[in-house]
Undergrad: 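Before anything else, here's the structure in question.
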Amino acid sequence: MQSLRFRQIDPGMTLKEIDSEILKYWKDKDILGKILTKGGSKKFVFLEGPPTANGRPHIGHAMTRTIKDIVLRFNTMTDHRIYRRVGGWDCHGLPVELEAEKHFGFHTKSEIINFGVEKFNQYCRESIFRYIDEWKQVDDLIGFSIDHSGDYITLRNDYMESEWFALKTMYENGLLYKDYTVVPYCPRCETSLSSHEVAQGYKDVKDPSVYVRFRSADEDNTYFVAWTTTPWTLPSNEFLVVNPEMEYSLIEVQGSRYYVASSRAGYIFKDYREIRRVKGQDLLGKRYVQLMPFLDAPAGTLRVVAGSFVTSEDGSGIVHAAPAFGADDYQIGKAEGVDILNPVDKNGRFADPGIPWNGRFVRDANDDIIAYLKKNQLLIKSEKYEHSYPFCYRCDTPLLYYPLDAWFIAVSRIRDKLVEYNERINWKPDYLKHGRFGNFLGEAKDWNLSRDRFWGTPLPAWRCRNGHTVFVGSRKEIEDLGGKVPDDLHRPYIDEVKFKCPTCGEEMVREPYVIDTWFDSGSATYAASHYPFERNFDPATDVPVSFITEAIDQTRGWFYVLHVIAAIMFNKNAYESALSINFILDEQGRKMSKSKGNSVYALDFLNQVPPDSLRLFFLYGAPWKSKNLDKKVIDEVSRKTLMTVLNVYSFFAYNANIDNFQYNGLHLSGNPLDRYMVSKTNSFVKASREAYESLDFHEVVRASMEFVDDLSNFYLRLSRRRFWAEGFDEDKQSAYSTLYYALKTFAGVMAPITPFFSDFLYLNLGGGRESVHLDSFPEFEGSLLDEKLENDMDRAYSVIETVRRLRQENSIKGRQPLREILIAGDIDNAVLGVVKSELNAKEIRIIDKEHEPIRLSADLRMEKAAPVLRSKVNAVREKIRSMDGRDLQSQLSENGSVEIEGFKLDPEMVEISRVPDPDYAFSQTEKYGIDVFINRNIDREDYLEGLARELVRRIQVMRKEMNLNYTDRIITYLDLSDDFLEALNRHSEYIKNETQSDSIITDKVDGMKLWEINGEPVRIKIDLAK
RNA sequence: GGGGUUGUAGCUUAGACAGGCUAUAGCACUCGGCUGAUAACCGAGAGGUCACCGGUUCGAAUCCGGUCAACCCCA
């Protein structure tokens, strides 16, 4: 059997089968390998945001990877060489340690130390790649075209060494410092957190809100009203803080006097008498008696001091300050130079025998503390206060603010730079630039870098007992300092490294911290390439990277740390473009979460849904808008695009094989349909290319739907018969090359979004290369664009629609040939010619407006005219109805009015309508105002022809019901009424031809099917001819 | 408490930056039609306070101010 030029598709072939087949083809031919090594004259720098592989990839990950892939594939097809097209894995940090703690059943840090840091870290190292196979499998299935053999891994010595280099650079530039200060602290993990980590874990909670009274030490029976939402900090109170600018009142309530912010007095006390008003300034220095006598107040405390952060919006305008447990409070304690009262241990429990709640977790003691306040008449008011409060983003423990030693990057000092460089970034969506991201930069805080933990990149800082500090920027430097470099740079091995202080000769010991894991991922720009120790990365050309994308939660996560580190290290923005992806919600629009059990894992989903369908769905609507994961929608999108195109291809292949068509360039005849389709195809290329370049991939999907609709339901529908014509003339050649061109262009344009299907289409069309992904993106050719033709075609189509409507209104079926259609308006005759088969009329004429078969009839607009004409209205109306509308109209337009029966009528009082002659039905096209008339008269001849078509139609349906092949011959039995008999006699050749009937027998036989056509019974039976 | 985004038919969605005929289209629904590439298509019907209130304007889904709701972020 001769092999066919174009593969014929089994009509039942599914997308799933296509995608699997192509995936296998790619493997067999190593297409991915060829894509990865494909060159280009322009450079595109890619950077993969590293996930942690200790959890399963979910559907959102599939989406980010799809978008990355679209960008990679598009740039590969547009002559770019992609730099660093590799994956990356984030390995360190609390999430990993937490998994390990769970595994071993540990609850405190000391358990880890007793167990052994070496063994603990060993477990961490093993656990992080638990699901890496699944990640790679998902990448494979979804078609993510990256090179996993070159993945960067943040736990490698090389990677960490690059970070050391950066940290040392920062230290030497004075941007890295150690400080004892109050930081957000997780009492369960026993470590502090950075602001961007804290930002991950806010939750709404109800906390107690208490107003308490501090007794004045100077004035009798006088109190200060202070407000707090953390009663457990009250035993540690050292100061009361007022805003010197604000107004306070001294009031009297039930015999006692209180100082309180004037604007808040009414909220706190129901009945009070104001004695006088004072400025906050006047309260400064006043002394008060300790609220709870459990701890010895340090010297210099228990005074009213000033703080500009105090507001009168809530609370009492007097803030209780416990310097141990608040950032502002700490600054006050520091400024006043007092000792800090900290009765809380690192596990967040009271640890002072003087405190009645000793040993209790502080937040759990709140209720008892409130009871104590009440009992001792210290409480003025207590309520519940709903606000959001930070929780540890990994272990869900409420955070405390706690004083600790910590290392900081002085981000606040480079704030201006951060803001400046942000201006150079192309944000998608653009409002992030000055919204969420820009705002965050504007108030950037110093970055708490050190973690008092085990599994992380060690902070490369060594100190001696004299306080000298050395930052080590490489392994070699350790040797140079006389230390021995361990094989593994992690704890605990690095902790063994000691050397003599270059300044004083004392032994230097490493600071016991690891660093924030966000510093790891934020260093990917350079550390992935082991900069500066290897020469494959040049900040001059490789920063900024061209494009990054991640989910929205990374805006202040990865996007932020990349930006900060690049600003410091390279004085540049880290990336040119950043696209932020919103979440995929479940079918009902709820956020997916493990606890709700509605998470969808990528692998599970990809086993049910073809990857191309899923990829299309991700881009159905802008990626920065959240979407509900709905299989019905997923099906719909691919049905409207890919499945329809598959059918078009199927039609093409079937006929092209019969005609032995071979594509060797576009050969257009004068047929407007072809030139129209080619023009539309080019418009599609242009719009898509622009959309890809501006990262608006969803617009490609939208445009593709319109394109496919045009191709299938307009172009092909009208061109079908041209492909079935006998022989192979110029017109047929033109039609084939147009269809081929449209299909191949579609494959090219859609290749980045639907890589599997596009390649299937491309390969079956004999695209030329081994894969569409190794070919160039379709070029826009301006010479093939014909906007006038596109517009003319639209007009012609609008006429078709109008005729259909008129047929409907006049109960004339589409199969019934019309005697005559008249068209008046701006319409191109040649273009109309190609669509006339849709009109099914014996005669179609384009006429002038003046020759339209209408008369103008005039009438009064009663609502306008009646108030003026009053009782004369009916007489005038009669008169005007009898007038010739044409005359009346010309009079109105010449004179601006017309006089009838002594009344002057304005144009708005007169309605002139167009009434078609009785033979015709009339309508106007909606968009273009083209007048369309159909002749309603059906003569006997045409009527019989219509009946013949009805017969053909019914016989065709029965052929289809019998699943006959196109070429199968039949014998047809008919039992007909008189009209149909006459139609049969008149058109028997036509009917035989259309239905592939060898013979037609008019007789009553068994097994006939009864139809009712135009109210008459028609019985039909068909048999396969022997 | 502050900031950001979103709100268009039962569902999905266009239009909003650059105000202008009857607010776009699809899915689903009803009725009718067309069809030998098609799970397609066409027509009609039904479905809309363009979240709400106010302002600017000859004219507001669109611009401005406020309110509400949802989501996100921050303190």
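Letters A, B, ... are given to chains in the order of the sequence lines, protein chains preceding strands, and every chain is numbered from 1. In this text, all values refer to a predicted model and were calculated from it rather than measured experimentally.
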Undergrad: Under 30°, 30 to 60°, or over 60°: which ring-plane class applies to A:F684 and A:F707, parallel, tilted or perpendicular?
TA: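 Taking A:F707 first and then A:F684, their aromatic rings lie parallel (interplane angle under 30°).
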Undergrad: Nearest whole Å is fine: how far is B:U35 P from A:Q956 CD?
TA: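 Rounded to whole Å, this separation is 10 Å.
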Undergrad: Any side-chain N or O of A:K625 below 4.0 angstrom from OP1/OP2 of B:C72?
TA: no
Undergrad: Can you check the A:I934 CD1 to B:G43 P distance for me, whole Å?
TA: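 Rounding to the nearest Å, CD1 of A:I934 and P of B:G43 are 16 Å apart.
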Undergrad: Would you mind reading off the distance between A:I552 atom CD1 and B:A70 atom C1', rounded to a whole angstrom?
TA: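 So the two atoms are 15 Å apart, to the nearest Å.
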Undergrad: Only pairs with both distances under 3.5 Å count, Watson-Crick or wobble alike; so what is the partner of B:A18 in this structure?
TA: none
Undergrad: Can you tell if the side chain of A:I821 reaches within under 4.5 Å of the side chain of A:V803, non-hydrogen atoms only?
TA: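 Counting from C-beta outward, A:I821 and A:V803 do come under 4.5 Å.
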Undergrad: Can you tell me the distance, in whole Å, between the CE atom of A:M643 and the P atom of B:C41?
TA: 14 Å
Undergrad: Rounding to an integer number of angstrom, what distance separates B:A25 and B:G45 when you compare their P atoms?
TA: 13 Å
Undergrad: Taking the inter-plane angle between the rings of A:Y649 and A:F652 on a 0 to 90° scale, is it parallel (under 30°), tilted (30 to 60°) or perpendicular (over 60°)?
TA: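 Rings of A:Y649 and A:F652: tilted, as their planes differ by 30° to 60°.
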Undergrad: Work out how far the P atom of B:U13 is from that of B:C53, and round it to whole angstrom.
TA: 25 Å
Undergrad: Which heavy atom of A:T233 sits nearest a heavy atom of A:T230, and at what distance?
TA: OG1-O, 2.7 Å
Undergrad: Could you give the distance separating B:G47 and B:U5 at their C1' atoms, to the nearest angstrom?
TA: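 Between the two C1' atoms, the distance is 29 Å.
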Undergrad: Paired with B:U35: which nucleotide, if any, by Watson-Crick or G-U wobble criteria at under 3.5 Å for both distances?
TA: none
Undergrad: With respect to the side chain of A:Y431, which nucleotide from B:U13, B:U35, B:G4 is positioned closest?
TA: B:G4
Undergrad: Distance between the C1' atoms of B:A23 and B:G59, in whole angstroms?
TA: 15 Å
Undergrad: A:N439 has a side chain; which of B:G3, B:U35, B:C27 sits nearest to it?
TA: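 Nearest to the side chain of A:N439 among the choices is B:G3.
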Undergrad: A:L716 has an atom CG; how far is it from atom C1' of B:U38, in whole Å?
TA: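 Going from CG in A:L716 over to C1' in B:U38 covers 9 Å.
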Undergrad: Please tell me which of A:E950 and A:D709 maps to the more 5' nucleotide of RNA chain B, matching each residue to the nucleotide holding its nearest heavy atom.
TA: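 The 5'-side residue here is A:E950.
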Undergrad: Distance check, C1' atoms only: B:G43 and B:C34, in whole angstrom units.
TA: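 Straight-line distance between the two C1' atoms is 10 Å.
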Undergrad: What's A:R953 touching, base or sugar-phosphate or nothing? Going by heavy atoms closer than 4.0 Å.
TA: base
Undergrad: Quiz question: going by heavy-atom distance under 3.5 Å, is there a donor-acceptor pair between the base of B:A37 and the side chain of A:S712?
TA: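 Between B:A37 and A:S712, which were checked side chain against base, a qualifying N/O pair under 3.5 Å is present.
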Undergrad: Taking the side chain of A:Y620 as its heavy atoms from C-beta onward, which of B:U12, B:A14, B:A40 lies nearest to it?
TA: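 Output: B:U12.
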Undergrad: Using atom C1' of each nucleotide, how far apart are B:U30 and B:A46 to the nearest Å?
TA: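 Between the two C1' atoms, the distance is 8 Å.
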Undergrad: Suppose we define a pair by two distances each less than 3.5 Å, Watson-Crick or G-U wobble; what does B:A51 pair with here?
TA: B:U67
Undergrad: Which whole number of Å gives the distance between the P atom of B:G4 and that of B:U67?
TA: 13 Å
Undergrad: Starting at the 5' end of RNA chain B, which residue's closest nucleotide do you reach first, A:N582 or A:N628?
TA: A:N628
Undergrad: Identify the nucleotide, in any strand shown, that forms a Watson-Crick or G-U wobble pair with B:C11, with both distances under 3.5 Å; if there is none, say none.
TA: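 B:C11 is paired with B:G26.
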Undergrad: Only pairs with both distances under 3.5 Å count, Watson-Crick or wobble alike; so what is the partner of B:U57 in this structure?
TA: none
Undergrad: Would a 4.5 Å heavy-atom cut-off, applied to side chains only, mark A:L15 and A:S638 as touching?
TA: yes
Undergrad: Which is true for A:R436 with a 4.0 Å heavy-atom rule: it touches a base, it touches only sugar-phosphate, or it touches nothing?
TA: base
Undergrad: Under 4.0 angstrom, heavy atoms only, what part of the nucleic acid is A:K640 near: base, sugar-phosphate, or nothing?
TA: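 The answer is sugar-phosphate, as A:K640 gets under 4.0 Å only of primed atoms, P, OP1 or OP2.
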Undergrad: Can you figure out which of B:U13, B:G26, B:C34 approaches the side chain of A:R702 most closely?
TA: B:U13
Undergrad: Counting distance only, does the side-chain N/O of A:S650 pair as donor-acceptor with the main-chain N or O of A:L646 below 3.5 Å?
TA: no
Undergrad: Using a cut-off of 4.0 Å on non-hydrogen atoms, how would the nucleic acid contact of A:I800 be classed: base, sugar-phosphate, or nothing?
TA: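 Nothing: the residue A:I800, judged by heavy atoms under 4.0 Å, touches no strand.
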Undergrad: In terms of relative ring orientation, are A:W227 and A:Y211 parallel, tilted or perpendicular, with 30° and 60° separating the classes?
TA: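 If you compare the ring of A:W227 with that of A:Y211, the planes turn out tilted.
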Undergrad: In whole Å, measure the gap between the C1' atoms of B:C71 and B:G10 for me.
TA: 22 Å
Undergrad: Starting at atom CZ of A:R717, determine the distance to atom C1' of B:A40, rounded to an integer number of angstrom.
TA: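 Result: 9 Å.
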